[in-house]
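The sequence lines fix the lettering, A, B, ..., with proteins before strands; numbering per chain opens at 1.
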Protein chains: 2
Amino acid sequence: MKQVLPPGMNAGQMDKALSALTRVVGSEWVLATDLDRDTYLDHFAVDEAAHAAAAAVVPQNAEHVVEIIKVANAHKLPLWPISRGKNFGYGGAAPRLKGSVVLDLSRMKKIEFDAENGVARVEPGVGFYDLYDYIQQHKLPYWTSVPGNSWGSVIGNALDRGVGYTTYGEHTARLCGLEVVLPSGELVRTGMGAMKDSPTWNLYRYGFGPSWEQMFVQSNFGVVTKAGIWLMPAPESMIGLDLELENVDDLGWAVDLVAGIRRDGLLQQSPSIGSWLRGAAVLTTRKEWYDKPGALPDDVIAAIRKRFNIGWWSISLRLYGYEAVNEAAAGIIQAQFAKKSRQPMTVTRWKQGQPMNPAPGQAAFAGVPVTFPLANAAWHGGRGGHIGYSPVLPANGAAATEQFRRTYDRYRQFGMDYHGSFAMGERSIVNVNQVLFNKDDKDMMGRVNGFFRSLVQATTEKRYGEYRTHIDYMDLVASTYDFNNHALRRFHETIKDAVDPNGIISAGRYGIWPKHLRGTKA
Amino acid sequence: MKQVLPPGMNAGQMDKALSALTRVVGSEWVLATDLDRDTYLDHFAVDEAAHAAAAAVVPQNAEHVVEIIKVANAHKLPLWPISRGKNFGYGGAAPRLKGSVVLDLSRMKKIEFDAENGVARVEPGVGFYDLYDYIQQHKLPYWTSVPGNSWGSVIGNALDRGVGYTTYGEHTARLCGLEVVLPSGELVRTGMGAMKDSPTWNLYRYGFGPSWEQMFVQSNFGVVTKAGIWLMPAPESMIGLDLELENVDDLGWAVDLVAGIRRDGLLQQSPSIGSWLRGAAVLTTRKEWYDKPGALPDDVIAAIRKRFNIGWWSISLRLYGYEAVNEAAAGIIQAQFAKKSRQPMTVTRWKQGQPMNPAPGQAAFAGVPVTFPLANAAWHGGRGGHIGYSPVLPANGAAATEQFRRTYDRYRQFGMDYHGSFAMGERSIVNVNQVLFNKDDKDMMGRVNGFFRSLVQATTEKRYGEYRTHIDYMDLVASTYDFNNHALRRFHETIKDAVDPNGIISAGRYGIWPKHLRGTKA
């Protein structure tokens with residue numbers, strides 16, 4: 001990618017800014033060649049150039065970040081902080097605003113571990129593999145919680161509200177105590193960390209007075225340079241309860257059942273009820289079964305499901321903790337399912353000291369990092385990719401079924417293969433869709449944008465909103481949050497102007513723009 | 001109390017402001033007589049006059065609140081919003097800034113209940129009794145979680161990070177979706193409520209982009225007019241495990257044991273390990289046992305404990321949920337305690353359909369509102385009162401024991417009776433102390449301030465901070481949060497200036513002052 005510049009900045013001004021950054025981190029950590037720029041593109045994007053970075057700067061520590069932010073203020077240089085840049089489906093490493101300089105925090109890899117309390121204090125460059133390896137090396141009695149593709153950053157994932165498989169899977173809720181460089185260059189610590197040398201910084205979440213963790217999540221109000229994250233004590237036992245649901249209509253009762261046991265606390269992890277393609281797309285490719293465009297016919301779907309023994313929907317529940325408690329809970333859950341389905345659940349039991357099931361599909365339930373789910377990007381062949389579409393629904397079967405029908409019709413209308421799942425929270429569902437595509441299929445790529453917009457439109461009519469979206473659609477989705485004529489957006493802008501008057505941090509992230517770019521949607 | 005005015009306002013200006021408020025709510029809802037002012041004093045305060053309100057204004061709904069805030073901006077009138085004003089031990093209904101007008105939200109008592117999801121959307125005037133009664137009347141299968149003195153507001157308690165007894169006892173964590181009138185007069189809804197008519201406003205916490213619930217907790221950035229609060233599904237079974245610990249030194253192992261089962265999730269409510277006086281002070285009064293000043297001698301303590309069969313420390317654990325799961329967990333917990341104490345735990349079992357134990361000490365564990373703990377204010381005789389001192393500690397026995405020793409010495413040094421408890425969070429302890437006193441005992445009242453300051457000083461040296469404090473000590477405690485030369489305070493001030501430039505909301509709350517009063521600590 002040739003030189004790219006942000007709005008209002010010419011090449012000479014950019015050169016001066018990059019020189020100033022070089023004085024902070026050294027010339028080897030300011031990356032501004034054509035190849036460097038390619039590295040930070042979103043290779044899953046329909047139009048990669050739309051979000052090209054001007055360069056990247058790679059600090060070693062929080063002091064560097066402070067100095068970089070001073071440079072950015074002095075030069076009005078837009079920065080786009082990333083942790084490890086693996087936010088695939090939502091933009092990867094690429095900035096929302098073309099010509100931003102990526103602030104790549106991946107060199108900051110310090111881990112401090114409080115073994116008594118099971119709390120890791122990590123820097124943004126620490127990946128799930130790093131943390132997992134650290135725990136194994138030090139034989140610590142804790143499990144990580146990992147997302148489906150685990151090569152990303154522990155902090156980065158929590159700051160985008162990514163999720164995992166265990167009872168600690170709501171990662172953003174397990175953050176406790178942040179260190180943040182504000183856009184002013186000031187270093188703050190949240191919660192108890194606001195007291196110097198506090199021994200409870202990463203143990204008690206709120207502190208004295210208002211609490212700010214979630215202000216720095218999915219936002220652009222500061223650069224998180226450290227975070228405490230709580231880890232699950234290694235359980236005595238893990239019990240798995242798996243079921244393949246034969247019929248598409250089984251979704252309704254399954255959602256109602258799981259919603260009930262999530263709400264009453266019997267089940268404490270968030271299972272995801274996934275459509276057959278979630279399972280199939282990592283095991284085979286489309287062209288082995290069908291060579292025409294348009295949505296797959298039902299008989300092909302049936303053949304694929306039969307070959308791999310996959311239900312129309314798959315459910316995997318996991319219980320963690322003491323064996324006697326898990327057995328009691330498993331018995332109650334099995335009895336509840338038995339009232340709805342004659343098919344018995346597949347039960348798997350693991351106890352501390354036993355070898356873990358090595359199947360890749362099982363590892364993530366034990367907090368072992370995995371990357372195999374990304375194999376689904378190869379489904380269509382060619383240079384595969386996907387973008388995420390993830391509205392939030394009430395936790396009941398009727399809402400889930402209706403949402404499925406509504407979106408399924410549109411998938412077929414646009415000739416796309418349905419890949420949806422229903423992640424069951426305590427009182428809500430996140431309906432995660434992965435829109436799979438082949439970037440070398442020009443016809444298909446021409447349909448993606450219209451398809452995505454039609455999905456957003458349909459769910460917005462139902463007054464559902466997305467919890468997260470690709471950088472291409474942040475303005476679109478933010479605009480659906482329209483209570484009191486977009487009062488929350490105005491509030492965000494008030495905060496943005498107060499903490500980042502020069503608008504140097506992550507312009508446009510989650511639809512929040514600095515004053516000088518507001519309205520242009522650069 | 002005679003007329004009181006805030007800094008920079010004369011009687012004529014106040015009259016004009018009150019007239020304008022009358023035009024909003026009607027003359028009967030602007031309360032400005034001497035008797036009215038008395039009503040809003042903190043009757044537990046050492047010096048009640050220090051925090052006297054000028055008047056109170058009592059809106060009926062959010063539209064009134066919007067109009068009141070417009071008046072306040074026009075007249076630079078400081079407001080002090082309260083929900084029901086029952087924040088005893090921390091200031092009651094009284095404002096931090098003398099001469100503020102109390103914005104009394106107690107008339108706003110609307111309850112909307114989502115029976116499928118167990119979510120109450122309430123206004124600030126809704127008390128725990130109101131919500132409990134509503135649930136009983138409508139035969140809803142949910143339990144409230146109530147604080148020890150339950151006449152306060154559901155919202156008010158959550159916004160001050162009050163706690164209850166059940167697995168839903170961390171009330172602030174069960175907030176989901178706020179409606180807030182900003183100091184600008186603008187109405188915002190947080191989370192999914194930022195979308196008009198959202199069906200998931202009170203079901204999914206975070207929304208799209210940064211999330212703000214905790215910004216409006218323990219702060220002065222807006223007036224919360226509605227909140228979603230999640231309720232615990234009525235459990236099939238409740239099992240109680242109670243133990244009276246004979247020796248003062250039992251605190252250490254008991255804290256370590258409970259910290260372990262809190263961390264590994266076996267126990268999901270936050271039990272409080274309380275000193276003997278917590279139990280005794282609601283059953284008897286000091287003068288029945290001892291008539292001298294100074295701390296109680298050990299033989300008197302022993303006699304009181306013997307009479308009421310109270311341990312030096314008391315622990316009450318509760319399990320909620322399915323009977324088989326509870327029984328399994330209870331067995332494991334009993335086995336863990338049996339390794340440390342020969343004394344068996346007292347086990348109580350309740351099942352759905354059975355009558356509840358009517359003992360007042362048991363009701364709160366079942367989410368039934370209670371007020372008997374406030375009887376402890378009568379311990380010393382006279383006009384009783386107390387203030388709270390509540391630092392946060394790491395969750396381990398050594399830290400708890402050391403903290404107990406440190407504070408116990410000071411209680412004795414100042415001639416006060418020790419009333420402390422250790423509320424066991426997931427990874428921290430809140431060491432709640434109730435400093436009991438008799439306002440008619442001039443000598444005792446003369447010691448309270450010095451005693452309190454010595455407690456704060458001692459814990460600050462250990463780098464522990466309080467989670468909450470009385471309005472008298474908000475500046476003192478806020479000043480202990482000193483990381484990077486009080487960076488978080490500067491951050492709070494940046495936010496305050498942006499959202500409340502006229503400084504009309506809750507000046508000085510949690511140490512956050514508007515610009516025109518900063519430094520004066522009015």
Side-chain angles (χ1 to χ4, degrees), chain A residues 116-118 161 186-189 192-200 203-204 206 208-211 214-215 217-219 230 233 263-266 321-322 324-325 328-329 331-332 392 394 396 425 427-428 463 465-467 477-478 480-484 487-488 491 494-495 498-499 510-512, chain B residues 116-118 161 186-189 192-200 203-204 206 208-211 214-215 217-219 230 233 263-266 321-322 324-325 328-329 331-332 392 394 396 425 427-428 463 465-467 477-478 480-484 487-488 491 494-495 498-499 510-512:
Chain A
E116 181 181 15
N117 293 294
R161 302 206 179 98
E186 178 126 284
L187 191 76
V188 296
R189 289 183 176 171
M192 303 307 287
M195 180 180 283
K196 198 177 162 214
D197 302 324
S198 166
T200 58
L203 301 180
Y204 175 75
Y206 304 111
F208 179 81
S211 187
Q214 287 295 319
M215 173 179 182
V217 173
Q218 293 192 346
S219 75
W230 291 0
R263 195 162 49 233
D264 69 21
L266 188 61
Y322 290 86
V325 175
I332 297 165
V392 179
N396 68 67
R427 277 172 176 76
S428 61
R463 311 314 292 159
E466 288 184 89
Y467 94 105
V477 172
T480 68
Y481 287 83
D482 57 358
F483 175 76
N484 192 14
L488 194 68
F491 178 68
T494 299
I495 300 292
V499 303
Y510 284 86
I512 306 167
Chain B
E116 181 181 15
N117 294 293
R161 302 207 179 98
E186 178 127 282
L187 191 76
V188 296
R189 290 183 176 171
M192 302 308 286
M195 180 179 285
K196 200 179 161 212
D197 302 325
S198 166
T200 58
L203 301 180
Y204 175 75
Y206 304 111
F208 179 81
S211 188
Q214 288 294 321
M215 173 178 182
V217 173
Q218 293 191 349
S219 75
W230 290 0
R263 194 162 50 231
D264 67 22
L266 189 61
Y322 290 86
V325 176
I332 297 165
V392 178
N396 69 67
R427 278 171 175 75
S428 61
R463 310 314 291 157
E466 287 184 87
Y467 95 104
V477 172
T480 67
Y481 287 83
D482 58 358
F483 175 76
N484 192 14
L488 195 68
F491 179 67
T494 298
I495 300 291
V499 302
Y510 284 86
I512 305 168

Quiz item: Hey, are the side chains of Ile495(B) and Met215(A) touching, using non-hydrogen atoms and a 4.5 Å cut-off?
Solution: yes
Self-check item: Worked check of side-chain contact (heavy atoms from CB on, under 4.5 Å) between Tyr322(B) and Asp264(A)
Solution: CA-CA 9 Å; Tyr322(B) 290 86; Asp264(A) 69 21; 2.5 Å; yes
Exercise. Taking all non-hydrogen atoms of both residues into account, name the closest pair between Pro233(A) and Arg263(B) and its distance.
Key: CG-O, 3.5 Å
Quiz item: So which part of Leu187(A) gets closer than 4.5 Å to some heavy atom of chain B, the side chain, the backbone, both or neither?
Solution: both
Quiz item: Considering all heavy atoms of both residues, which atom of Asn396(A) and which atom of Glu116(B) are nearest to each other, and what is their separation?
Solution: CB-OE2, 3.1 Å
Quiz item: Distance from Tyr467(B) atom OH to Met192(A) atom CE, nearest 0.5 Å?
Solution: 11.5 Å
Quiz item: Who passes side chain to side chain donor-acceptor pair (under 3.5 Å) against Asp482(A), sequence neighbours left out?
Solution: Arg463(A)
Exercise. Compare all side-chain heavy atoms of Val217(B) with those of Tyr206(A) and state whether any distance is below 4.5 angstrom.
Key: no
Self-check item: Region of Thr480(B) in contact with chain A, defined by heavy-atom distances below 4.5 Å
Solution: both
Quiz item: Which heavy atom in Phe483(A) sits nearest to a heavy atom in Gly193(B), and how many Å separate them?
Solution: CB-O, 3.4 Å
Quiz item: Looking at Lys196(B), Gln218(B), Glu466(B), Arg427(B), which makes the most heavy-atom pairs under 4.5 Å with chain A?
Solution: Arg427(B)
Quiz prompt | Proximal component of Ser198(A), with respect to chain B [non-hydrogen, under 4.5 Å] | solution = both
Quiz item: Taking every heavy-atom pair that is under 4.5 Å apart, which of Ala194(A), Ala478(A), Gly118(A) has the most such pairs with chain B?
Solution: Ala194(A)
Quiz prompt | Non-hydrogen atoms of Leu488(A) and Val188(B) that approach each other most closely | solution = N-CG1, 4.4 Å
Quiz item: Hey, which of Ala328(B), Pro210(B), Pro199(B) has the most heavy atom pairs under 4.5 Å with chain A?
Solution: Pro210(B)
Quiz item: For Phe491(A), is it the side chain, the backbone, both or neither that has a heavy atom under 4.5 Å from a heavy atom of chain B?
Solution: side chain
Quiz item: Do Arg189(A) and Asn484(B) touch side chain to side chain, with heavy atoms closer than 4.5 Å?
Solution: no
Quiz item: If you round to the nearest 0.5 Å, how far is CE of Met195(A) from OH of Tyr481(B)?
Solution: 5.0 Å
